[in-house]
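To find a chain, count down the sequence lines: A is the first, B the second, and so on, and within it residues start at 1. As a basis for the values below, the full set of heavy atoms in this structure was taken, side chains included, without hydrogen atoms, waters or symmetry mates.
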Protein chains: 2
Amino acid sequence: MLQAERQTLILEQLKLKGRVYAADLAAQLGVSEDTVRRDLNRLGETKLLRRVHGGALPLQLDVPDYADRLESRNPGKQKRAEAALAFIEPGMTLLLDSGETCRYLAMALPRDMPLTVVTTCPLIACELVHHDRVEVILLGGRFFKPALRCVGSGAAEMIRRMHFDLCFMGLCALHPQRGFSAKYYEEAEIMRITIEQADKTVIMGDRDHLGTVSHHQVVPARDLDVLITDSGADASVLEALAEQGVEIVPV
Amino acid sequence: MLQAERQTLILEQLKLKGRVYAADLAAQLGVSEDTVRRDLNRLGETKLLRRVHGGALPLQLDVPDYADRLESRNPGKQKRAEAALAFIEPGMTLLLDSGETCRYLAMALPRDMPLTVVTTCPLIACELVHHDRVEVILLGGRFFKPALRCVGSGAAEMIRRMHFDLCFMGLCALHPQRGFSAKYYEEAEIMRITIEQADKTVIMGDRDHLGTVSHHQVVPARDLDVLITDSGADASVLEALAEQGVEIVPV
DNA sequence: TAGAATTCGGCATAAACACGCAAAAACCGG
DNA sequence: CCGGTTTTTGCGTGTTTATGCCGAATTCTA
């Protein structure tokens, strides 16, 4: 049996059962435990599974819900938001996705620049109350609390009738091969539609989310235009993304 | 069962039930209490739960100012909001209009009552984030900042397709002859449509707004059902309103 | 304050792991 | 085809980790 074949089987098994044991796999695949361990370690390094003592678990990047994250101030997000400002020009129509990163961007927007900001996140709308020259369009629908955003057909319909110069999103999980993914099905759908309507999509997020996979794919990596991330991010992942046409902006 | 898997289960259980006992977990997971304790201690060290004698609790930095805000700010609005609760029954679909009074009502809603709340005000939507049994529908559209609400054809259309058991509104101006009126044209229109779709309309406001007139009429007084106001309000105005079929609730 | 439940620390055991080594297989350039 | 290189794999050794058990210390509760 080929190594790659074996690793594929391991991943399938993992997906099927939700967990795999090194010892079981060794017996089942007819190789030594060392070999299985080496396979598991490699798959873990490339972020295709979560290696744990005794076996492996599916990757579930447990992003804490937005509602729980609101309070903490985060200098990294602040910096990425400031870097994102460079893409914005007066008169543009922006979409700000839900997420803390985008909230920082909303707060960082210059108050004297005329802009139209579209968002599904009520919190972001509230942040922009004192930006007198920013027109805010709030996309309504069912309020999906874990992600603090509106989802559903109402919001989707409204987005399909719009067009954005720029679309900004926080980074949940981005993997060179497995694309940009989100934690919840509901938000993944809205995000996908949003990206379709935008001239340019800018993603912001730190190294911890790079090379990871979450539950629902939004779009493949090549559909993204710019990634603003911290300079300490894994070079090989950045390179792989750059090859797919993503402009990397380190801060 | 893998260690990491077990710890994930513990966290899930915790989120679900709000507390876990070491002894129960040991029996349930088929491991010794020592093992469970070690798991709990580790999860506690990494700040994923709050370790307590006998088990663990979720660590929720739960909105500490919640109670304070209700007590201190505006006792009048608080009282009227509490009086309004009497009209609400489990399972109802409510419309909460924009305005501080309605925000108080949102905060005062019981957390364990299943409800659907529809609102045009993003701030109210955010207040309801921690009410797990309350489904929130946010009506989108252009965000009209002076009134902190969404207006426009989008919101109006959505409202026309809905039906509310109860509609709550703060009181801008109410005059027995000249009706219920609002400051801005945009909001008056939305409010009128809203009242049309509601079985019952409840208005909350203190004496200062009674007997006054603002710029844009919403509906005549007879279209209102309940007025919750303070007991010191002008008796002649209240009487005139009562004659038009408005139930007066003094607090 | 006494008794019960819980926790802590040390210890033993078995499983899982890392590391180096060597054999076998696959690969590669000429 | 052939010599050299790389990759893969399995094995042995020593280390680390996970777990359960036990007694002592601590904390809760009535």
Side-chain angles (χ1 to χ4, degrees), chain A residues 1-62 175-178 207-208 211-213 234-237 239-240 243, chain B residues 1-62:
Chain A
M1 176 174 306
L2 299 168
Q3 187 188 44
E5 190 182 354
R6 201 173 51 226
Q7 295 183 359
T8 305
L9 282 175
I10 291 175
L11 286 176
E12 271 177 27
Q13 188 95 15
L14 185 60
K15 196 163 188 178
L16 200 67
K17 306 220 176 159
R19 99 205 63 134
V20 287
Y21 302 99
D24 288 0
L25 287 172
Q28 190 182 327
L29 299 171
V31 291
S32 76
E33 287 195 32
D34 293 74
T35 300
V36 170
R37 265 197 283 279
R38 276 187 275 247
D39 284 340
L40 291 177
N41 287 339
R42 256 175 233 179
L43 293 169
E45 279 161 21
T46 48
K47 304 282 175 63
L48 291 169
L49 50 71
R50 176 160 149 249
R51 180 74 166 102
V52 296
H53 193 93
L57 292 171
L59 266 194
Q60 44 187 24
L61 178 64
D62 257 58
H175 189 281
Q177 274 75 55
R178 303 181 60 182
R207 71 187 84 174
D208 294 340
T212 65
V213 180
D234 186 337
S236 65
V237 173
E239 203 175 312
E243 272 174 24
Chain B
M1 176 173 310
L2 298 166
Q3 188 190 46
E5 195 184 354
R6 201 174 50 227
Q7 295 181 359
T8 305
L9 282 175
I10 291 175
L11 287 176
E12 270 177 28
Q13 189 97 18
L14 186 60
K15 194 163 188 178
L16 201 67
K17 305 216 175 160
R19 89 199 81 118
V20 287
Y21 301 99
D24 288 358
L25 286 173
Q28 190 182 326
L29 299 170
V31 291
S32 76
E33 287 194 34
D34 294 76
T35 300
V36 169
R37 263 196 286 280
R38 275 188 273 248
D39 283 340
L40 291 177
N41 287 339
R42 254 177 231 183
L43 293 169
E45 280 163 21
T46 48
K47 306 282 191 225
L48 290 169
L49 49 72
R50 191 157 74 88
R51 181 76 167 97
V52 294
H53 195 92
L57 293 171
L59 41 85
Q60 52 187 20
L61 325 146
D62 222 13

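Residues A:L43 and A:R51 have side chains not in contact (no heavy-atom distance under 4.5 Å, counting atoms from C-beta outward). In this structure, the side chains of B:Q7 and B:R38 stay at 4.5 Å or more apart for every pair of heavy atoms. Using a 4.5 Å cut-off on side-chain heavy atoms (C-beta onward), A:Q177 and A:K47 make no contact. Side-chain contact between B:D24 and B:Q13 is absent, with no heavy-atom pair separated by less than 4.5 Å. B:L25 is listed as a side-chain neighbour of B:L40, based on a closest heavy-atom distance under 4.5 Å.
Rounding to the nearest 0.5 Å gives a distance of 12.5 Å between CG of A:L14 and CG of A:L9. Between B:I10 atom CD1 and B:R42 atom CZ the span is 11.0 Å, to the nearest 0.5 Å.
Less than 4.0 Å separates DNA chain D from at least one heavy atom of each of the following residues of residues 23-35 of chain B: B:V31, B:S32, B:D34, B:T35. Scanning residues 38-56 of chain B for heavy-atom distances under 4.0 Å to DNA chain D yields B:R38, B:R42, B:H53.
A donor-acceptor pair under 3.5 Å is absent between the side-chain atoms of A:H53 and the main chain of B:A4, judged by distance alone.
Contact annotation: A:R6 side-chain N/O to D:dT8 OP1/OP2 distance is not under 4.0 Å. Side-chain nitrogen and oxygen atoms of B:Q3 include at least one within less than 4.0 Å of the OP1 or OP2 phosphate oxygen of D:dT19.
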Q: Starting from the C-alpha separation in whole Å, work towards a yes-or-no answer on side-chain contact (heavy atoms from CB on, under 4.5 Å) for A:V52 and B:Q3.
A: CA-CA 8 Å; A:V52 296; B:Q3 188 190 46; over 6 Å; no
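Annotation for B:R6: atom CZ counts as buried by contact number, over 12 foreign heavy atoms lying within 6.0 Å.
Between chain A and DNA chain C, the heavy-atom contact criterion of under 4.0 Å yields a 5' to 3' nucleotide range of C:dA16 to C:dC19.
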